[in-house]
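A quick write-up on the structure given underneath.
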Amino acid sequence: LFFWMAFHQNGLTLTYFANEFVNPVSTGIQSMFFDIWNLVAVVILVYAFFSIFQSESCLGKIISCVVSLLPIAFLGLRYSMISPEGVTLSAPIFQQFNPFYVVALTPISMAIFSALAKRDKEPSAPRKIAYGMLIAASAYVFMAFCSIGLLSPAQQELARVSGDPTFVSANVLIITYLILTFGELLLSPMGISFVSKVAPPQYKGMMMGLWFVATAIGNLLVSVGGFLWGELPLWIVWSVFVGVCLIAAIFMFSIMKKLEEATK
C-alpha cells in the first residue's frame, strides 16, 4: 500500500516537478534519452549483451555479438546528429522511463538473483519486498537532496511569472525513475508470486483480491502528494514518502525477525 502510494507519484507530484522545476531544454547526450528509438536501441543492446553469455553455442555468441553492434552503431549515428539547440521537454515525456527501465532492467535483476541463488544467498520474497521499500525510500531521499535550495511550488509559480524561476537538470528525474523501478522489480512481481504461493488454496482468490485492493488504496493515497504540493518546501514533500516507505520496511523486517525467532 505504502509502496504504490510513493511509486505512483510519477502520475502526480513527480510530474508536477517535471513541469515546474525541470529545465525545459535538454542538450547533448542527455537529449538522446528523450527519443523513444534510442531507448529501444538500448533495450536491444542489453538483451543482446546478455545473450552473448547465455548462448551455449559459438554460433549463438557470434550472432549475439553482431546484434549488439547494430544498436551501438545506431546510437553512434544518432549521437552525431544531435542538435546543438537541444530538445524541448514536456512533463509527460518522463513517463517513458519507468516502462523502459522495467524492460531493460529485468534481465539484469534476474542475473543478480540467479548469481545469489547459486551461492545460496538469494533473499526470500518478503525480504525482497522489504528491500524494495528501502530502495523506494532512497529514491525520495535523492529527490529531497536535489530539492534543497529550490523554491516551494507556490514560490516557483511567482518566480515563473516574474521570469526568474529555478530549474534543475532532467537527470534528477531520470535517476529517480531508475531507482524507483529497481524497487518496483523487487516488490510487484515478488508480491504477486508470494501471495499465490503461500495463500491457503481455499483463500487464494480472496488473498489475491486483497493484494489488488491494497494496490488500489495505495493509488488512492497518491492524492496525499497533491495536498502537500504548494506552500511546503519540496524536501518536506519528498520526506513524507521517505517516511512511509521506511515505516513499511521496518514493519516487514520486524515481522520477519519474529518469525525467524519463532522457528528456531
Side-chain angles (χ1 to χ4, degrees), residues 1-27 30 33-34 86-99 101 132-184 187-188 213-252:
L1 187 153
F2 285 134
F3 175 81
W4 295 118
M5 173 186 174
F7 178 80
H8 280 151
Q9 291 302 317
N10 59 1
L12 191 64
T13 55
L14 291 177
T15 298
Y16 288 165
F17 186 85
N19 184 57
E20 300 172 20
F21 289 93
V22 172
N23 192 325
V25 177
S26 178
T27 59
Q30 184 193 83
F33 285 95
F34 296 96
V87 296
T88 302
L89 305 181
S90 60
I93 199 171
F94 286 91
Q95 299 298 319
Q96 69 182 354
F97 288 111
N98 174 241
Y101 286 138
M133 298 301 305
L134 291 178
I135 291 174
S138 69
Y140 286 102
V141 169
F142 175 74
M143 283 295 299
F145 176 78
C146 293
S147 297
I148 294 176
L150 292 180
L151 302 174
S152 70
Q155 293 171 333
Q156 180 77 344
E157 183 63 28
L158 294 175
R160 294 180 72 170
V161 173
S162 64
D164 190 30
T166 303
F167 293 123
V168 297
S169 169
N171 290 332
V172 172
L173 281 182
I174 293 174
I175 295 173
T176 297
Y177 281 123
L178 172 64
I179 301 172
L180 282 174
T181 304
F182 266 121
E184 181 189 15
L187 187 141
S188 182
V213 166
T215 303
I217 296 174
N219 289 336
L220 180 64
L221 291 177
V222 168
S223 61
V224 170
F227 294 124
L228 298 174
W229 194 264
E231 300 293 337
L232 293 176
L234 287 176
W235 68 268
I236 294 181
V237 177
W238 309 131
S239 296
V240 170
F241 303 116
V242 173
V244 296
C245 289
L246 288 179
I247 289 172
I250 292 171
F251 172 78
M252 292 194 67

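These values consider heavy atoms only, across backbone and side chains, with no hydrogens, waters or symmetry-generated copies.
With sequence neighbours left out, the ring-ring contact (aromatic ring centres under 6.0 Å, His included) criterion links Phe7 to Phe3, Trp4. Under the rule for a side-chain contact (heavy atoms from CB on, under 4.5 Å), the partners of Ser152 that lie at least two apart in sequence or sit in another chain are Ala154, Gln155. When the side-chain contact (heavy atoms from CB on, under 4.5 Å) test is applied to Ser147, the partners found at least two apart in sequence or on another chain are Phe17, Leu150, Leu234, Trp238. Thr88 pairs by the side-chain contact (heavy atoms from CB on, under 4.5 Å) definition with nothing, not counting sequence neighbours.
One distance of note links CG of Asn23 with CD of Gln30; it measures 8.0 Å at 0.5 Å rounding. Here CE of Met133 is found 11.0 Å from OG of Ser138. Values are rounded to the nearest 0.5 Å.
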Tabulate below the donor-acceptor pairs under 3.5 Å that side-chain atoms of residues 217-231 make, not counting sequence neighbours, or state none.
| from | atom 1 | to | atom 2 | distance (Å) |
| --- | --- | --- | --- | --- |
| Asn219 | OD1 | His8 | ND1 | 2.4 |
| Asn219 | ND2 | Thr215 | O | 3.4 |
| Ser223 | OG | Leu220 | O | 2.9 |
| Trp229 | NE1 | Glu20 | OE1 | 3.4 |

Indicate every side-chain donor-acceptor pair of residues 173-184 with a distance under 3.5 Å to a residue at least two apart or in another chain.
| from | atom 1 | to | atom 2 | distance (Å) |
| --- | --- | --- | --- | --- |
| Thr176 | OG1 | Val172 | O | 2.8 |
| Thr181 | OG1 | Asn98 | ND2 | 3.1 |
| Thr181 | OG1 | Tyr177 | O | 2.7 |
| Glu184 | OE1 | Asn98 | ND2 | 3.0 |

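Leu89 is listed as a side-chain neighbour of Phe34, based on a closest heavy-atom distance under 4.5 Å. By the 4.5 Å heavy-atom criterion applied to side chains, Leu134 and Leu246 are counted as neighbours.
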Requested in this report: For side chain to side chain donor-acceptor pair (under 3.5 Å), just list the numbers for Thr166 and Gln156, CA-CA rounded to whole Å, side-chain angles, deciding distance to a tenth of an Å, and then say yes or no.
Outcome: CA-CA 7 Å; Thr166 303; Gln156 180 77 344; 4.7 Å; no
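If you look at Phe2 and Phe241, their ring centroids are not closer than 6.0 Å.
A side-chain donor-acceptor contact under 3.5 Å links Gln9 to the backbone of Met5.
In this structure, Phe33 and Phe97 have tilted ring planes: the angle between them lies in the 30° to 60° band.
Counted within 6.0 Å of CZ on Phe167, heavy atoms from surrounding residues, nucleotides or ligands total more than 12; the atom is thus considered enclosed.
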